[in-house]
Amino acid sequence: MFTLVFTSLLLAACSGPYSTLDPAGPSATSAAWLWWGMFGFATVVLIVITLLWLYAMRRDPGEVDQRDAQRVQNRWVIGGGVVLPLASITLLLAFGIPAGHNMLPLPLEDGEPARIEVTGHQWWWEVHYPDTGVTLRNEIRMPAGVPVDFVVRSEDVIHSFWIPRLGGKLDMIPGHTGVLRLQADEPGTYHGQCAEFCGVAHAHMRFTVEALPPEEFQAWLEAQQDD
Amino acid sequence: MIAPTHPMQLVVGLILWSVWFVALYGGLSVGCAVAPPAEELGAANWLNLSLLVLTAVTLLPLLYWTRLCWRAGLSSQPGSTDRFIALVSSGVHLITAIATLAIGLTVLTLPPCV
Amino acid sequence: MTEPGPRSAEQIHREFHQVWRNLPGLGTLSAVNHTSLGLRFMVTGAIFFLIGGLLAMLVRTQLALPEQDIISPDLYNQIFTMHGTVMMFLFAIPILEGLAIYLIPKMIGARDLAFPRITSLGYYCYLFGGLIIFSSLVLGMAPDSGWFMYTPLSSAEFAPGPGSDFWLLGVTFVEISAVAAGVELTVSILRSRTNGMSLRQMPIYCWYILAMALMIVFGFPPLILASILLELERAAGMPFFEVAGGGDPILWQHLFWLFGHPEVYIIFLPAAGIVSTLIPVFSGRPIVGYRWIVLSIILTGFISFGLWVHHMFTVGIPQLAQAFFSVASMLVAVPTGIQLFAWLATLWTGRVVFNLPMLWIVGFLIIFVCGGLTGVMLALVPFNWQVHDTHFVVAHMHYVLVGGMFFPLIAGFYYWLPHFSGRMPSDVLGRWGFWLTFIGFNTTFLLMHLTGLLGMPRRVYTYEAGLGWDWLNLLSSVGGFIMAAGVAMIIVDVLLHFRFGRKAPQNPWNADTLDWATATPPTTYNFASLPTCSTRHPLWENPELPRTIEQGEHGLTEISHGRRETWGSEAVTGKVTAIFHLPTNSWLPLCAAASLAVVCISLLVRVYELSIVGAVLAAVFLLRWSWENGAHPAMAPPSAEESTRDLPLHSRTHDGPGLWGMVITLMANGALYMSLLFAWFYLWTVSPEWSIPDQQPLLMLPLLASGILLTVSALDFRRITRHLKAGRDSGLQAAFWRIALIGTLHVGLLIWVIAGSSLAPTELAHDAVLLFMLIYQLFHSGLAVILTALQARRVHYGYVSRHYPYEPVVVAPFWLYTTGVFWLGFAAFILLPMSWGGAA
Ligand code: HEM
Ligand SMILES: [Cu+2]
Ligand SMILES: [Cu+2]
């Protein structure tokens, strides 16, 4: 019962239109899982180290000769200072590298991902569907359930393209083109914002994402082209 | 050759590490700018392989120095500055070697230019 | 003349004080003494901390509730930019430098730092730079692009006001101060330890400061270069970072973080040094794992230079490259872990006194470990992509900065308070201060991790209600004010202690290091006599030391010559080899810094004529300063008494501190040049619109000829100094004139090359870099010529000869460097592109 209440409270606290802890796509999901894993591990480490430390301050060492000190040193310094970090890093990378690999815009097994071009301006987003002439402003429509490559650029200063519930961010840098692969698992409305400070209206530089079932998306795109 | 008890031992390994690190990052960047391997190859391509070889070559002197300094340290007089420098250097070289290996092994896992 | 009979401690004090004291009244501004200047650094830093803190309170006020408009977005941007800038550049680094400047000579048993006038110059550069930066806020035109000033947001097009200029010029000014301190601390630690203090016996704090100092030497030049380039872009239109001209905004990020990441460790290391100093004292036993700690310091010093890209994981660098930096970032956990567990082992095996400084150390531990753990998380690329540039990062950064720097600083501050003032702090107020700060801090920042995870970006001046961020921000703001109350409590405690504090006994904490062998507060000369020290714990092994030092029972007690002196020793063994004679009070550093401030301000208001005047004035003061050296009457004129002593004055040798200072300065300079080379190769390979002019824009023949003349001069200079060292000085003056003349020809040719070239520095980044390189060369060549001409004059006055070979030995590496840079530049900027791109 308590666990249930606690979990639902936690879930409520973690939800939100921009919450990375309320993931709605594969990239965001794996990042969220990485977070929970690291959070648990780090909490344990922090508590153990703090308790050890407080205990070390209180305990009566008795008579410590040179040899004892050497033994304690080897135990703590090599165990805690070398082995613990190296083991933790290995563990972390064992999960982290595959997770990172899966977020890359690598060629798909079958077919091509949809491409949407987004250009950052002070302080709005220009969204363009290549080969269609369709352009939107501060609003993105994308097919749900399939990977989409966002091709990002900037017209003026550096911005950063971020839809927290779908995945990580990518900076939009003048002169450079970046590709960010995201996927919305379910149709729905998502929210995005600029994550790199870009001037006076940075706080207001937001957009909405409408994920549609692929057929609907296709239909919408064609309808737009006909106009 | 620097003597294993020379104070420069404290930093030579890390200087080599720095040069290797620059070569690793610089080599990757230039490699990707000049002749990027096909994305389909994943991590199995000439660029990653060269970086791996570079790492292996860097490891050799680091491990050699670790051993050299360790022995020199143990055989010098307890409580002497020589011993201090040699033992600290040996530890620095060893951890530098571990760092080199850990960073270098990532070339086995990821494609180079994406 | 030595006085008859032993002198009383009283008498010794009077005689030493006469020589070492600062001038009275306003004359104190000419002080060069490290104790005075260390304290001034710290007090100035503390004031800037309060200003920075006030700005933070404004930020928290604005963010306390959603959709507030107490502060306009424009002002908010200035406020957070200034908060970050003030905290990083005007508080954290200077205050730690100040502490090191105050402590290092005392810990190594010296009377002052190796270059006292540099200490003073450094202080004034810091003060004036700080005032210039701060004035922008008062004038309402503060920089507003964030403390890392990303271009193009900070460039002329998007930040047309003077805000960015304030930042670039002011910060560069302050960085000169940091580099000066870096050079000076390095040389002092390596060359002025008391007799017998080998590297192995240095107090551990000295290792930390040595590492910090060297990291400054290599870490600050990239930002100095970047700032100069950006200022040139803004003021003169040279497109280093502008895509259209062939530049690249990402270059700024590389250069900034090449500095910025090491900077974090430059801040952490000295603070960790405080922790490593306090823990053994309060555990009543030597630190466990001294060697392990030295090892971690060295590792941290290097590895932290291989992490900078972790601030740039979202710019779109290939993921494999990101993985290198990701793993390297995680690996710093190893040296940090080693230190942490060495501290733990010390506590484990010691009998711990749990008093106020230790309370702050415990606070440090908890907060810093937490910050370190989130740091490892941030190093994981796929997670970083989510939380980068959110309040998660703000939380992490404050956990490491406040936990890793502020808490140890306060611990150390309480620990050394009796040293500064001779009085003990109060326990009650101090504990209130601690708990308020600790609770307030965690309330503010622990929750902020969640704010970030819920998607709140950093640097937003407001946010919508109902996004799940409201209560978190409110609590953060409440916590911020609790923390402010804690800081206020500490200030009250300190102010009251000056009046009500118990008088401190000698060595109140029963510490082991020589800093507690001075009087409290210390005398201007620290030690009346310099003890031989061949142990890591001099005061534990010989508690009588303070008394015997005061009574003049150790070395270097002569003072009748009226010079300030301390021992000069060998870098590794600490065996004394010479006597360093140190300059006395001087106005030159203040005048030089003031002239530089004129340059800085006139560049700000773009009155370039005035900046030339300022630069010339600064050069005059600095050259005058270099003139009052060695055997000059104002420094150490030849005297009969010196031949009766068993150690030579350093200006009579050819291995004095000046040579070391020169070499380390050249390392900093070399780091700047390497950054320029990096910029060149970076732009060449990566910049999207890089283009090379169709024709080689430089006159090749004159350039080559000029290089040959330069090489001839440098080799000639080298030959002369060799002769000098071997004791031959015939024709010395003529030789220096000859070298100066050939050097002048070289400079003339170089000017011809620059004037006659067809460079278009405002159109092409390629040409802009070339021009910068040429002017850099011209500056060095010109300086080498001037210094050589001055040497010739000094031979004439008898300040330089085979008895006084010191100065040419100092100038020689400068010639070598200038020549090296010329040919390196020739190869990298001219030959390589030619062979690469055909007839470029
Ligand atoms: C007195 C308690 C402090 C509070 C309440 C505080 C608060 C804040 C807040 C809220 C921000 C985020 C501004 C934003 O992104 O919109 C910030 C940024 C920052 N703080 Fe603090 N801070 C404090 C102390 C410090 C200290 C001691 C340091 C350094 C030693 C520091 C260094 C920074 C830096 C570098 C930034 C980044 C500025 C930027 O984004 O350009 N802060 N601080
Ligand atoms: Cu923005
Ligand atoms: Cu960093």
Applying a strict 4.5 Å limit to non-hydrogen atoms, the region of Ser80(B) in contact with chain C is backbone
When the 4.5 angstrom heavy-atom criterion is applied to Leu87(B) and chain C, the contacting part is side chain
Heavy-atom distance under 4.5 Å between the side chains of Thr81(B) and Ser198(C), does that happen here? yes
TODO: Could you walk me through whether Phe302(C) and Ile15(B) pass the side-chain contact (heavy atoms from CB on, under 4.5 Å) test, one step at a time?
DONE: CA-CA 8 Å; Phe302(C) 275 84; Ile15(B) 292 175; 3.9 Å; yes
CG (Asn48(B)) and CG (Leu320(C)) are apart, to the nearest 0.5 Å, by 5.5 Å
Separation between CD1 (Ile303(C)) and OG1 (Thr96(B)), nearest 0.5 Å, reads 6.5 Å
Correct closest heavy-atom pair for Leu110(B) and Ala323(C) would be CD1-CB, 3.8 Å
(request) For atom CE of Met312(C), decide whether the heavy atoms of other residues, nucleotides or ligands shown that lie under 6.0 angstrom number more than 12. (result) yes
Turns out that what part of Leu299(C) lies under 4.5 Å from chain B's heavy atoms comes down to both
The interface call for Val686(C) against chain B, heavy-atom contacts under 4.5 Å, is neither
Applying a strict 4.5 Å limit to non-hydrogen atoms, the region of Leu214(C) in contact with chain B is neither
Counting heavy-atom pairs under 4.5 Å with chain C, the top scorer among Gly104(B), Ser29(B), Pro112(B) is Pro112(B)
Geometric class of the Tyr290(C)/Phe84(B) ring pair [parallel <30°, tilted 30-60°, perpendicular >60°]: tilted
SG (Cys113(B)) and CD (Gln319(C)) are apart, to the nearest 0.5 Å, by 12.5 Å
When the 4.5 angstrom heavy-atom criterion is applied to Thr106(B) and chain C, the contacting part is both
* Asked: Are there more than 12 heavy atoms of other residues, nucleotides or ligands under 6.0 Å from atom CH2 of Trp540(C)?
  -> yes
CG (Leu10(B)) and CG (Leu199(C)) are apart, to the nearest 0.5 Å, by 7.5 Å
If one checks every heavy atom of Ala102(B) against chain C at 4.5 Å, the contacting part turns out to be both
Interatomic distance, OH@Tyr25(B) vs CZ@Phe324(C), rounded to 0.5 Å, equals 10.0 Å
When rounded to the nearest 0.5 Å, the distance separating CD1 of Ile103(B) from CE of Met330(C) is 11.0 Å
Just wondering, do Val334(C) and Ile98(B) contact through their side chains at under 4.5 Å, heavy atoms?
no
Got Leu105(B) and Val327(C) here, is their nearest side-chain heavy-atom distance under 4.5 Å?
no
Okay, Val22(B) and chain C: the region with an atom under 4.5 Å from a heavy atom over there is neither
*Given side-chain contact (heavy atoms from CB on, under 4.5 Å), test Phe305(C) with Trp17(B) step by step and report yes or no.*
CA-CA 11 Å; Phe305(C) 279 86; Trp17(B) 178 85; over 6 Å; no
If one checks every heavy atom of Leu14(B) against chain C at 4.5 Å, the contacting part turns out to be both
Applying a strict 4.5 Å limit to non-hydrogen atoms, the region of Leu51(B) in contact with chain C is side chain
Under 4.5 Å to a heavy atom of chain C? For Val88(B) that would be both
